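These numbers come from the heavy atoms of this one structure, side chains and all, not from hydrogens, waters or symmetry mates. Keep in mind that this is a model prediction, so the values were computed, not measured.
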Amino acid sequence: MSSKLSQIVSDLHEQVLYLQELGVETLEAKIPQFAYSAAPEKKVVASPTIEKYIPKTPIIAAINPKPIEVSKPNITRQSLLENSRLSHLPTLGNRPKQIPNLEKNESSTEIREMPKVKTEPILKAETLIEMPTILAILPESNETLADIQADIGDCKRCSLYEDRKNIAHSKGSLTAKLMFIGEAPGADEDEQGEPFVGRAGQLLTKIIEGMGYDRKDVFIGNINRCRPPGNRQPLPAEVVQCKPFLLREISVVRPQVVVVMGNTACQNLLGTKIGISKIRGEFQDYYGVKVMPTFHPAYLLRDPHKKREVWEDMKKVRDYLAKTN
Ligand code: URA
């Protein structure tokens, strides 16, 4: 058996084991004929590789904005601003006016996600507006996770504290290359004060292990750290209080890839309204950190057929990390 073929067989074996682990019982696979025959080497593609990361349109739109005709009578400055908004990023209103001070003090709990925004005219003179140039890097941080948790303290910033048993702080390796973000704790997480320890968490552990990692080597957190009553989605007013702590943790850990699981995590990290079914499987950008949106493990428990898609997404993450490390 040629070494290429044995590599394919070994990859296939690994993937089947992973899918079995996840509980997939049947597979519909369209395997091209050449995979069976002695095909010319170049035709056998074992797994997709990511040659080049091309950010989604908003950043490209900022660099190559469509010229806007000044003469159109019905174009207002407001509509131009709305049309040119970088929809995957927080709105202009949320942007800080200066680089946040990451030193530990009371005001540091206010740190927002937009550390460096430089505004300069990059459109031609015939256009009306100035577009912001985004310096897409994470802010430096000299905090520790302990500093951040100390700031959170016995948090009463939103009403979720009223019913909580424990705050489920993020957990994992400080040097993790890979971070997973979910929505908010459920009953088990509330009980144990740790994210993803219930049934969805057990499935997440299998996914992580299927990718070849150990749970303790990644970093796991949620948009909100207190359990919403009845496991409802956290409200915007609750997210706004809690999310900044997670963003500070991202700046401390500086992972290479963040996997956002489900709509709440995806939409709140990326500042988009796009649904997870549409956006999943394609790398997005969060200040230079690759973000892979995928389905939430709790959704996979309800619809196991979606495990296949999650596995495809996780293979992209695994291959990216393998390539860059
Ligand atoms: N679902 C989440 O989003 N987070 C958890 O920690 C557990 C379940």
Can you tell me how far [atom2] of [Y] sits from [atom1] of [X], rounded to the nearest 0.5 angstrom?
X      : Y      : atom1 : atom2 : result
Leu203 : Leu301 : CG    : CG    : 5.5 Å
Arg254 : Met179 : CZ    : CE    : 11.0 Å
Leu321 : Met314 : CG    : CE    : 10.5 Å
Gln241 : Tyr161 : CD    : OH    : 12.5 Å
Arg215 : Phe196 : CZ    : CZ    : 8.5 Å
Asp151 : Phe245 : CG    : CZ    : 6.0 Å

* Among Asn268, Ile276, Val291, which residue meets the side-chain contact (heavy atoms from CB on, under 4.5 Å) test with Val260? -> Val291
* **side-chain contact (heavy atoms from CB on, under 4.5 Å) partner of Val289, the single match among Val257, Ile137, Leu138** => Leu138
* To do: Check the side chains of Asn263 and Glu183 for a donor-acceptor pair under 3.5 angstrom, ignoring hydrogens and angles.
  => no
* Any side-chain donor paired with an acceptor under 3.5 Å for Arg280 and Thr294? -> no
Minimum heavy-atom separation for [X] to [Y], with atom names?
X      : Y      : value
Pro255 : Leu178 : CB-N, 4.3 Å
Pro297 : Leu204 : CG-CB, 4.2 Å
Cys226 : Ala184 : O-CB, 4.1 Å
Ile181 : Ala265 : O-CB, 3.4 Å
Cys266 : Ile279 : SG-CG2, 3.7 Å
Ala200 : Ala298 : CB-N, 3.9 Å

* To do: Start with the C-alpha distance between Ile208 and Ile220, add both sets of side-chain angles, then the distance that settles side-chain contact (heavy atoms from CB on, under 4.5 Å), and finish with yes or no.
  => CA-CA 11 Å; Ile208 293 166; Ile220 302 174; 4.0 Å; yes
Using side-chain heavy atoms (C-beta onward) and a distance below 4.5 Å, is [X] in contact with [Y]?
X      : Y      : answer
Val317 : Phe283 : yes
Arg227 : Asn166 : no
Val259 : Asp313 : no
Val252 : Thr144 : no
Leu269 : Tyr286 : yes

[X] bridged to [Y] by N-O distance under 4.0 Å:
X      : Y      : value
Glu312 : Lys315 : yes
Arg232 : Glu238 : yes
Asp154 : Arg164 : yes
Asp285 : Lys290 : no
Glu143 : Arg248 : yes

* Does the separation of the ring centres of Phe180 and His296 fall below 6.0 angstrom? -> no
Verify, without hydrogens or angle tests, whether [X] (side chain) and [Y] (backbone) share a donor-acceptor contact under 3.5 angstrom.
X      : Y      : value
Gln284 : Glu282 : yes
Asn231 : Gly186 : no
Lys316 : Gly281 : yes
Gln267 : Lys273 : yes

* **From CA spacing to verdict: side-chain contact (heavy atoms from CB on, under 4.5 Å), Asn222, Leu246** => CA-CA 7 Å; Asn222 280 311; Leu246 181 71; over 6 Å; no
* **salt bridge (Lys or Arg N to Asp or Glu O under 4.0 Å) between Arg225 and Glu249, worked out** => CA-CA 13 Å; Arg225 293 168 198 244; Glu249 288 173 337; 2.8 Å; yes
Side-chain heavy atoms nearer than 4.5 Å, only ILVMFWY residues, links allowed to pass through others: does that put [X] and [Y] together?
X      : Y      : result
Leu160 : Ile223 : no
Met261 : Val197 : no
Leu235 : Val240 : no

* Thr175 vs Val253, side-chain contact (heavy atoms from CB on, under 4.5 Å): CA-CA, chis, key distance, verdict -> CA-CA 6 Å; Thr175 57; Val253 176; over 6 Å; no
* To do: Report the C-alpha distance between Phe219 and Ser170 in whole Å, list the side-chain angles of each, state the deciding distance to 0.1 Å, and finish with yes or no for side-chain contact (heavy atoms from CB on, under 4.5 Å).
  => CA-CA 7 Å; Phe219 194 84; Ser170 314; 3.5 Å; yes
